[in-house]
Each structure stands twice: as structure tokens, then as C-alpha cells.
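The next block holds one structure in the form of C-alpha cells; read it before the comments.
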Amino acid sequence: MASADSSRPVRVRFAPSPTGELHIGGARTAIYNWAFARSHGGSFILRIEDTDPERSTEENKQVILRSMKWLGLDWDEGPEKGGNFGPYLQTERFNTYTDALEQLKKADAVYPCFCTKEELDAKRAQAESSEGGYSGYDRTCRSLSKEEAQARIDAGEPHVWRLKVPENHGPIEFEDAVYGHMSFPIDVMDDMILVRSDGTPTYNFAVVCDDTNMEITHVIRGDDHLSNTPRQILIYEALGKPVPTFAHLSMILGADGRKLSKRRNATSVEEYAKKGYLPDALVNFLALLGWSLDGETTIIDRNTLCSHFDLDRITKKDAIFDETKLEWMNGSYIQTMGASAWVDAVEPFLVEAGLCTAEDISENRSWFEALYPLVAERSKLLGDAVEKLSFIFDGPTVHLDEKSVNKVLKKEGSRADEVLRAVRDILADTSIAWECDPLQDTCRTLTETLDLKAKFIFQPIRVAVTGSQVSPPLFESIELMKREDVVARIDYTLHEVFGD
RNA sequence: GGCCUCGUCGUCUAGCGGUUUAGGACGCCGCCCUCUCAAGGCGGAGAUCGCCGGUUCGAAUCCGGUCGAGGCUACCA
């Protein structure tokens, strides 16, 4: 029975392969590993599994590192950081795999196999179409004598190294921290290839070597590896190394209930950053996709996550990624993030939209921070600020939304022209402080002067000043604009709509 | 084909044999607040716990079967 050595200090790792960007599923796996390390006083290791030269790229590696940093998942050991168990790129660890292979050769736990890929494919194809079906490599080369095998190796014949699955081994069992007791019959275990004919390690072999050498205590990974686990346990046993605790994570599905795919869904962390999500929100949301604190709490900050995360509250069921809820959560984080952090986060969006430059922001920092209350509780995504605030940057004229003009200014009996003329005089009156409250209070007196409901006073002002019947709070916005611009906008509207 | 999983409101989930008329969150609907939109507050609809049997005084919770979904079964990771 495989069991973990609980006396060792907790060491976990996130091991992406740079064959693509960091996607949502990988991000969640990373978050769980990170949070587990933090909540157990352990180490979080980042290892890049780049043994597939065909698909691995340096660019992808950089994107992954960038996304990890953006998410705020700091690693204790790994690329750029180093550590006592490096290197942290598999391509730089080949000597450790050959060392392990030598050890297995000495222990007579592996054997060379000379069957070619073509022969294997043919055998498998034939077996699959026959009655019993395919049940793994037929072990042709396992019965080769030592001498014959060595002679063929010496003759330069291409060969792989296969694990000699033990004859008298009971079922392979382990306690998965998420799925519970697992048991796999030994007779369905293939004599899997550990080292390819070109000398490179296969995935299952490389992971086990790395995880043992890096003294990983808990392997938290996607459940597509659940069926690989018994194979890996066999390798741990052959190596005579302690088997870590495994925790397998269910899959994240798209809204259509199907596997997330680049074609149908936004899948990479980078895309979510560009869409205006906050790292805190994404971490919170992803943490809750398959894990719960208590079933009640939904807003969970990093500190809470890092102190309370544990494996026993992870769900087994696949989860559907519901972006609507992510949006809500992001809005919630925007509401509480504070003006300063908001300005930093929203800057690229404002600049991108051409509303201002980075210099404008650094020179008028406090003015930009004053914008925050106008949109904080009205934004789901950072970029929402652009649409809501653009009118403020428009100067002495503003684009008048036709629908709003018709509905508010030209409405039968609204007396919007009277209202605007009166308001114009109030706003132009320099004896009234250019501040939210005095301006608003003075305008409100018009409800009595003109005998109109507040709505009929304020909505015309809103359309004239912001161009639309929907906007952030009126006088809070006006306060942040120049008096001459606001007055000019009212004159402009009066002229455009009423021909003044 | 073989092996291994998973299955509670539309979605994320709580639930670990009785305290459950199955709780919370998002979304949806209504009301309140209100200068618009939001935010916030309050309330509502929404799950016979995939299905069928069994165990039990009692099951979403335990067991068996079944259906559906998924993973692995590569000289990919």
C-alpha cells in the first residue's frame, strides 16, 4: 500500500509544459498548489516540463511566468528564482533521468525493447480488432536473455527501456486526497516505456524522477493524470522512493458543458487580464471552482485562502466556468480595491481608449483618483470605466445621444429648455462654489421655482452635460469638470436642440 | 474493448444516516432607496438530490444495478 511520508516538510509543485499559454485550468491547479503550500508552511515549486521540443517554445514559457506573476502566485523555487533542487527546466535535467535509468538497470527493474514503433502499432491495431481487445504491450522483449539483449544493444540496434512490471504484485492502491481510496488491478499495467530510443525520458518517468529528486510531498494536478498514477507508483516503487500524496482535480468545462477550447472560449489567463479582470478576482473565483471554505463565503481574499485552503474540501465534480459570476466577483473587487489601486489598474484601458496619456495620469494623480467613486460600483470590468467616463474628457461640447435627447429634452411638456436656461445661469454664477453639494442644492431649488419634480430638473442637465440619460452621479461628475466647459455644453445643447 | 472516475436549483456549491419544509452565492423576477444607471437592503420563483432497486424505524447521505458524462489505455504532456 502506497502511503505518504507525512513527516517531511510540505513541498508542492506546479509543472506546466510550455506548449501554450497558461490557461484557466492550469491556473486553478497552480492556485491550489500555491495555496496549499502557503496554508501548510510549505514550499511552492515551479517546474517547466519542456521535454517536448516540437511543441515547447520560449515565448510560451515567458507567457506562463508572466501570468503566474500577474496572478500573484509567487514561487519559492523555480525559473528566475533558483533553489536547492534545480535546475527547474526538465530539458536541463537529463542527467538525472539517465542516473535513474542506470539505477533501475542495476536493480533489474527495466529491460531494453527492440520492437519498432511500426511493429507496435501493427500489433495494437490487430489486438484492438480481435475479441479480447488491446491490453498493452505483449512483452516480447521481456523474455530476451540478458546476453542477447546486450548483443543487440552493442550492435547499435535502436531500443527503448521499459519498466518490468512486477509479477507478484497485488493491486496498486493509494489514497487520493480528493477521490479517496483508489485501486487498480496490476494485470492491466503495461510494461510502459521509460526512456525513448533517442534517450529522452517519457512523461511518466520524468515526472517521477523530478518529483522524487525535488522531494515533492503532495502532487496536486488535473484528474487526467488519475489513470497515470498507478503507473507512476510502480516507478516510485522500482526506484525505492517514497510515494507522495496525490490530489486530483476535476476538469473545468465551458458554458456549453464541453471541455474548454481556444476556439469556443477565452481560455488563457492573459486574455482575462486584457478583458479587464483583476488578478484577485480571478484567483478568488478559480479557487472556488472546485473548493469551498464553508459553503457560505464567496469573497475570499488571498490571506484567508492562504490560511484556510486544504485538500479535504475539494470537489470531485467537473465544474462549468460561469463567466457571469466571475464578472460579478470582479465588480465586487473593483468596488473595494480603492482609488489608488484602481488608477494603476485602469490606466492601460484609459490610455488605450485615447482618453488620456500615462503622463496625464501621473501629473494629475489625485484628479484621476477622484474618478474612482464615479465608476467603482458601476464597473464589472476595468474597461467599463472608459465608456462611463469618456464624456468627462470631451471638453466644451459633448456628443448628444439622439435617443436621450428625444426622451428627455424633447419630451412633451418637459419644459427642458426652461430648465436648462435656469441651470445655465446657476452654473455660470461664480459666487457658487464649484463643488458637488452647493451646485446640486442650488439646482434643486428649481423644483420649487419651476414646480417640477426633481427628475425633470436633473435629467435634462444630465443629457446636456454628459450627452446621455444614463451616467455616473451628476454633480459628482460636474465637480470634476471645468466650469466653462460645463456651461459651454449647456449652451451648446440649448443651441442644438432648442435653437437658442 | 479494458481499467478508472464523476452525477444536489440554469451555474458554482453546502450537506458525511434523523436538527432539511435540502442552506449559501451568481443569474432571474418583484419591492424599497433614488436625479439616471448602478450599488445596497428586503422578498420571490428555482433541485422529489440522474434513474431503479436494496439496507434501515429513518437515505441526498450506506450497498447493488442502470443510464449519462469524462479520463487513461502513445517512443504527447
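Here is the naming used below: chain letters follow the sequence lines, and residue numbers restart at 1 for every chain. Bear in mind the structure is a predicted one, so any value in this text is a computation, not a measurement.
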Cut-off 3.5 Å, no hydrogens considered: what does the side-chain donor-acceptor table look like for residues 383-392 of chain A, sequence neighbours left out?
unit_1: D384(A); atom_1: OD2; unit_2: K380(A); atom_2: N; d: 2.8
unit_1: D384(A); atom_1: OD2; unit_2: L381(A); atom_2: N; d: 3.0

Review point. Can you name the residues that form a side chain to side chain donor-acceptor pair (under 3.5 Å) with Y179(A), not counting sequence neighbours?
Key: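 Scan of Y179(A) (side chain to side chain donor-acceptor pair (under 3.5 Å), adjacent residues dropped) gives D223(A).
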Check your understanding: In chain order, what residues pass the side chain to side chain donor-acceptor pair (under 3.5 Å) check against D394(A), with sequence neighbours excluded?
Key ->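 For D394(A), no residue satisfies side chain to side chain donor-acceptor pair (under 3.5 Å) once neighbours in sequence are set aside.
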Check your understanding: Reckon M189(A) touches a base, only the sugar-phosphate, or nothing at all at heavy-atom distances under 4.0 Å?
Key ->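 Counting heavy atoms under 4.0 Å across all strands, no contact is made by M189(A).
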Review point. Listed in order of residue number, which residues of residues 404-414 of chain A have a non-hydrogen atom at under 4.0 Å from RNA chain B?
Key: none
Exercise for review: Specify the residues of residues 440-452 of chain A, ordered by number, for which at least one heavy atom lies under 4.0 angstrom from an atom of RNA chain B.
Suggested key: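 By residue number: Q440(A), R444(A).
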Practice item. For W75(A), check ring-ring contact (aromatic ring centres under 6.0 Å, His included) against everything at least two apart and list the hits. Key: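 Not a single residue meets the ring-ring contact (aromatic ring centres under 6.0 Å, His included) criterion with W75(A).
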Heteroatom pairs (N/O) under 3.5 angstrom, protein to nucleotides 69-71 of chain B:
unit_1: G71(B); atom_1: O2'; unit_2: D224(A); atom_2: O; d: 3.4
unit_1: G71(B); atom_1: N2; unit_2: S227(A); atom_2: OG; d: 2.9

Between N or O atoms, less than 3.5 Å apart, protein on one side and nucleotides 22-24 of chain B on the other: list the pairs.
unit_1: G23(B); atom_1: N2; unit_2: G295(A); atom_2: O; d: 2.9
unit_1: G24(B); atom_1: O2'; unit_2: E296(A); atom_2: O; d: 3.3

Between protein and nucleic acid, restricted to nucleotides 73-75 of chain B and to nitrogen or oxygen atoms under 3.5 Å apart, what atom pairs and distances do you find?
unit_1: A74(B); atom_1: OP2; unit_2: R124(A); atom_2: NH1; d: 3.1
unit_1: A74(B); atom_1: OP2; unit_2: Y134(A); atom_2: OH; d: 3.3
unit_1: C75(B); atom_1: O2; unit_2: S197(A); atom_2: N; d: 3.1
unit_1: C75(B); atom_1: O2; unit_2: S197(A); atom_2: OG; d: 3.0
unit_1: C75(B); atom_1: N3; unit_2: S197(A); atom_2: OG; d: 3.0
unit_1: C75(B); atom_1: N4; unit_2: C115(A); atom_2: O; d: 3.3

Exercise for review: Provide the Watson-Crick or G-U wobble partner of U21(B), both distances under 3.5 Å; none if there is no partner.
Suggested key: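 The answer is none; no pair meets the criterion.
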Practice item. Summarise protein proximity over nucleotides 36-47 of chain B in one line of letters, 5' to 3': B for base, S for sugar-phosphate only, - for none, counting protein heavy atoms closer than 4.0 Å. Key: BBBS--------
Review point. Which residue pairs pass the side-chain hydrogen bond (donor to acceptor under 3.5 Å, both in side chains) test with at least one member in residues 277-301 of chain A, sequence neighbours excluded?
Key: Y277(A)-E323(A), D280(A)-R302(A), N284(A)-Y333(A), S292(A)-R313(A), D294(A)-T297(A), D301(A)-T304(A)
Exercise for review: Any pair with a residue in residues 455-468 of chain A that passes side-chain hydrogen bond (donor to acceptor under 3.5 Å, both in side chains), sequence neighbours left out, goes on the list, sorted by first then second residue, please.
Suggested key: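 Pairs touching residues 455-468 of chain A that pass the test: Q459(A)-R462(A), R462(A)-S471(A).
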